[in-house]
Structures are given as C-alpha cells and as structure tokens.
Trainee: 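The structure that follows is given in the form of structure tokens.
Note on naming: letters A, B, ... go to the chains in the order of the sequence lines (proteins, then strands), and numbering restarts at 1 for each one. Atoms considered below: every heavy atom in the structure, side chains included; atoms not considered: hydrogens, waters and symmetry mates.
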Number of protein chains: 2
Amino acid sequence: MKLSPSEENYLKAIYHLEQASDTGVTTNALAQRMETKPSSATDMVKRLAEKELLHYVRYRGVTLTNEGTKSALQIIRKHRLWQVFLVEKLHFHWDQVAEIAEQLEHVHSEELIARLERFLGEPDFDPHGEPIPSKDGTIKQTAKKLLAELKKNQGGVCVGVKESSPEFLQYLDKKNITIGTKIKVLGKEFFDGSMVILVGKDQSFISKKTAENLYVQTL
Amino acid sequence: MKLSPSEENYLKAIYHLEQASDTGVTTNALAQRMETKPSSATDMVKRLAEKELLHYVRYRGVTLTNEGTKSALQIIRKHRLWQVFLVEKLHFHWDQVAEIAEQLEHVHSEELIARLERFLGEPDFDPHGEPIPSKDGTIKQTAKKLLAELKKNQGGVCVGVKESSPEFLQYLDKKNITIGTKIKVLGKEFFDGSMVILVGKDQSFISKKTAENLYVQTL
DNA sequence: ATCAATATTTAGGTTGTGCTAAATAATTTT
DNA sequence: AAAATTATTTAGCACAACCTAAATATTGAT
Ligand SMILES: [Mn+2]
Ligand SMILES: [Mn+2]
Ligand SMILES: [Mn+2]
Ligand SMILES: [Mn+2]
C-alpha cells in the first residue's frame with residue numbers, strides 16, 4: 001500500500017510507542033509524540049484504521065495490525081539505512097542525520113532501498129546502534145544493557161543510545177563517548193545514581209540520566 | 001523559501017517549458033506537462049505568483065521571476081545529482097533513475113546536497129548528459145549539436161539525449177548507443193531524414209526522430 | 001456512588017491540491 | 001466582422017491534514 005509521509009510518520013510513532021510500553025497507544029501519547037493536537041491524531045487514526053493498518057477502539061486507543069507493524073518496520077528500515085549512508089558515505093555527524101532521514105525515509109522504491117543496503121554493505125545497525133530491520137521485518141537483537149544497570153568494576157562497550165537527540169549526542173561527544181567506546185564503572189553513588197567511569201584512559205563523571213540512556217554490551 | 005513538492009514540480013516544469021520555447025508558458029502547456037487539468041494549473045500559478053516566483057497575466061501565461069528561476073535551477077541541480085548517485089553508486093540503469101530522482105529532489109537540506117556533490121566528485125553532467133547547475137545556478141554549456149544536424153561523413157561522440165524517456169533510452173541500448181559512444185554518419189536519406197550511421201564498428205539505421213533526440217559533440 | 005479532573009471525540013473551520021462543469025476571453029475561420 | 005473554435009478562468013466540490021471549541025466518555029478522588 002502506498003502511504004503518505006504523514007501516514008508513515010504516524011505508523012512509525014505508534015510502533016515506537018507500542019515498543020516502549022507494551023500496551024495500547026493512547027491518543028494523547030500519540031498526539032504528543034507527533035507534536036499535533038489530539039483531535040488531529042484521532043482523525044489520522046481513523047484513516048489508518050480504515051486501511052486496516054491498526055485496530056482502533058474509541059476512547060481505548062490503538063494497536064497496529066500485522067500489516068501496520070510490517071509497514072512501520074519498513075519505514076524504520078529505510079530511516080536507519082539512510083542514516084548509515086549519511087554518516088558512512090557523506091560523513092555527517094551522528095547528531096545531524098535524523099532530520100534528513102525523516103525525509104528520505106518517505107521515498108518510495110523497493111529497488112532503491114535494496115540497492116542502498118547492498119551499497120552500504122548490509123549493515124546490521126544504524127549510527128546510533130539501533131538495529132536495522134531486514135526486508136522481511138526481522139530485527140537482530142543483541143544482549144545489551146543500560147550502563148545504569150552495571151555495578152562497580154563492571155565494564156563493557158558502548159553499543160547504542162536510548163535517546164538520540166542532538167543535545168545528548170553532542171554531550172556524549174564532549175565526553176569522548178561514541179559507539180564502540182570501552183567503558184568501565186569505577187564508582188556508583190547510591191544517593192543519586194551518578195557514576196564515575198573510565199572512558200578509554202580517562203575518568204569521567206556522568207549523571208544517572210546519562211547512564212540510563214547509554215547501552216553497553218558487557219564483556 | 002520552503003516549497004512543497006508540488007510547487008517545486010511546477011517550477012521545474014515551467015523552467016523547462018521556457019527553455020524549450022523562449023516565450024511565455026501557457027496554462028495548457030503547463031497542465032499537459034504536469035499531467036493535470038488547466039484549472040489546476042491556474043490554481044497553482046496563482047499561488048506561485050503570490051510568492052513572487054513567477055509573473056502571471058490572466059489569459060496571457062507565465063514567466064519565472066529571477067527568484068523562480070533560481071529555485072527551479074536548484075531543484076534541477078538536486079534531481080541531476082541524485083541521478084548521478086543512482087547510476088554511479090547504486091548501479092541503476094540510466095532509464096530507471098528519473099522516477100526516483102523525482103522524489104529525492106524534494107528532500108530539503110543544503111548540507112545534504114553539498115555533501116552529495118562532493119561525494120560524487122563534483123560531476124558536471126548527469127547520466128543523460130545534461131549539465132548539473134552549480135550551487136549559484138550556473139550551467140556549464142557545451143558545444144553540442146543534434147545528430148540530425150550532421151552531414152554525411154561527419155562524426156562525433158554522443159554526449160546527451162534530448163528526450164530521456166525509458167522507452168527511448170532502452171531503444172538506444174539496443175542500438176549500443178550510450179554517452180561516450182562514437183558515431184559517424186555514413187548516409188542520410190533526403191526523403192525522410194533517416195540515417196545510416198557507424199556505431200563503434202557496426203552499421204546501424206536510425207530514424208529522423210531518433211537523430212533529433214541525440215546530442216553529439218563533433219570532433 | 002458522586003463529582004471533579006482528565007482524556008478523547010465530534011463539529012465545524014482552514015489550507016493545499018486536485019477535480020468537473022460553466023462562464024468568459026482570445027484566436028481562427030469563414 | 002461575425003461566428004466558430006480553442007484557451008483560460010471561475011465556481012463549486014472533494015479529500016488530506018491540520019486547527020479550536022464544545023461535547024462526551026473515562027478515570028480518580030472523595
Ligand atoms: Mn519522516
Ligand atoms: Mn537512529
Ligand atoms: Mn519531483
Ligand atoms: Mn536527466
């Protein structure tokens with residue numbers, strides 16, 4: 001089915017909200033995520049229900065159908081592949097690619113995305129460490145945990161970020177943390193969850209909030 | 001100014017029609033090119049006039065303003081750079097790229113197109129031999145002529161196509177003609193303008209229509 | 001259980017981009 | 001020059017995607 005950019009953006013938003021909560025997605029949550037009004041979200045949700053991309057029960061929220069989930073995954077796939085292109089080939093910084101990928105993801109061409117994937121060497125993860133769904137919708141999951149879950153003296157490699165806002169990514173740069181960086185917990189403050197960590201050879205102080213947005217793979 | 005895909009497509013169409021005729025563009029011509037109805041073209045033309053991208057006189061047609069021409073050239077620039085990407089990097093065939101570039105050209109990001117141009121090695125021409133406008137709107141013109149203008153025993157290198165429909169490009173493939181192919185006129189029929197030409201080492205027969213859609217650079 | 005607060009939907013309006021049918025202007029033919 | 005033909009515009013409708021304000025349903029507190 002050929003969807004409009006707006007429809008695709010809504011589907012993606014619903015998918016991500018479903019993932020984050022494992023429950024139906026409410027109109028308010030969706031409107032907030034889409035930066036629109038609840039009444040606009042209701043309108044769109046009705047259209048998507050009409051197209052059988054989601055189940056909608058008035059006042060009860062929304063869940064994607066199989067079709068809807070499949071569509072959402074394909075858009076995410078395109079978004080992430082384009083992000084890889086922007087960083088690996090055009091040398092964009094990892095905090096600059098989201099906005100452009102938001103547009104590129106809506107270009108309709110199966111052939112294009114197949115060839116792009118090939119050209120990029122069939123990457124498994126995007127520049128933020130997020131997995132790239134395959135053409136059939138499969139996602140490669142890795143055993144990652146939040147840095148905040150590690151105990152003192154445990155260490156690992158940074159494999160992703162939970163939030164990927166430019167602000168956070170730029171902050172990580174300042175701290176010399178990026179995908180692939182080795183991190184070890186030197187100390188953890190019980191009071192506020194803050195940590196002293198080893199980044200490469202240097203010590204660094206990070207807040208609980210930061211530790212809760214960094215994924216690491218333990219060694 | 002941030003324009004919608006539809007507005008951008010209209011601007012491009014008007015630019016091309018102006019180039020082809022050196023006179024004002026009529027509503028009917030525009031509607032035909034855009035594959036829409038004259039009434040729709042009138043609507044759009046009014047909006048673009050409002051934005052001062054073109055001059056519009058009722059019943060008299062339309063001409064682009066300087067602003068409008070600048071915008072059109074930037075869209076054409078993006079279209080052609082993306083076409084180079086699709087052919088050179090993703091190995092699309094030259095007859096498959098127009099449709100996808102029609103979408104990619106509407107992605108808004110100065111930075112993206114600057115980096116893409118760099119990545120592609122700052123090409124001067126697209127896969128159909130058409131010049132790529134520079135960032136400031138300059139077009140590199142070459143001394144090319146239509147194959148149809150050549151006399152017997154004159155020869156040259158194919159440097160472009162006037163029409164770039166998939167049908168025509170596929171036909172050229174069958175004839176083993178592409179950008180860079182050496183061609184020599186062995187004979188020209190006065191009656192219907194058809195030609196016998198030398199393509200590489202082989203003889204080939206082409207119609208006047210074909211000869212009028214092939215650009216060559218004489219040696 | 002009732003009421004207040006919150007969430008959601010509906011009603012009705014706006015803008016962009018298309019359409020058809022009818023009106024009007026321009027051009028060509030006679 | 002008038003009539004016929006063609007080109008163009010206008011009027012009015014439709015749909016997607018937004019909005020605000022008002023109505024209604026759900027939830028949480030008393
Ligand atoms: Mn998007
Ligand atoms: Mn990402
Ligand atoms: Mn286009
Ligand atoms: Mn071209």
Trainee: Between Phe85(B) and Phe85(A) (judged by ring centroids, cut-off 6.0 Å), do the two rings come close enough to count as a pair?
Mentor: yes

Trainee: Distances under 3.5 Å between protein N/O atoms and the N/O atoms of nucleotides 24-26 of chain D, please, pair by pair.
Mentor:
| unit_1 | atom_1 | unit_2 | atom_2 | d |
| --- | --- | --- | --- | --- |
| dA25(D) | O4' | Tyr59(A) | OH | 3.4 |
| dT26(D) | O3' | Arg60(A) | NH2 | 3.0 |

Trainee: Apply side chain to side chain donor-acceptor pair (under 3.5 Å) to Ser134(A) and Asp136(A), showing your working.
Mentor: CA-CA 5 Å; Ser134(A) 67; Asp136(A) 59 52; 2.9 Å; yes

Trainee: Does Lys89(A) make a cation-pi contact with Phe119(A) (under 6.0 Å, within 45 degrees of the axis)?
Mentor: yes

Trainee: His106(B) has an atom NE2; how far is it from atom P of dT17(C), in whole Å?
Mentor: 12 Å

Trainee: From C-beta outward on Thr27(B), which listed nucleotide comes closest to its side chain: dG18(C), dT8(D), dT9(C)?
Mentor: dT8(D)

Trainee: Could you note down all residue pairs passing side-chain hydrogen bond (donor to acceptor under 3.5 Å, both in side chains) where residues 101-123 of chain B supplies at least one of them, sequence neighbours left out?
Mentor: Glu8(B)-His106(B), Asn9(B)-His106(B), Lys12(B)-Glu102(B), Lys12(B)-Glu105(B), Arg77(B)-Glu117(B), His79(B)-Glu105(B), Glu111(B)-Arg115(B)

Trainee: Would you call Trp82(B) and Ile100(B) a side-chain contact if the rule is heavy atoms closer than 4.5 Å?
Mentor: no

Trainee: Return the nearest nucleotide to the side chain of Lys46(B); candidates are dT8(C), dT9(D), dT10(D).
Mentor: dT10(D)

Trainee: If you look at every strand shown and take non-hydrogen atoms under 4.0 Å, does Ser40(B) touch a base, only sugar-phosphate, or nothing?
Mentor: base

Trainee: Taking Glu212(B) first and then Lys162(B), would you say they form a salt bridge - that is, a charged N and a carboxylate O separated by under 4.0 Å?
Mentor: no

Trainee: Just the atom pairs and distances: protein N or O near nucleotides 11-16 of chain C's N or O, under 3.5 Å.
Mentor:
none

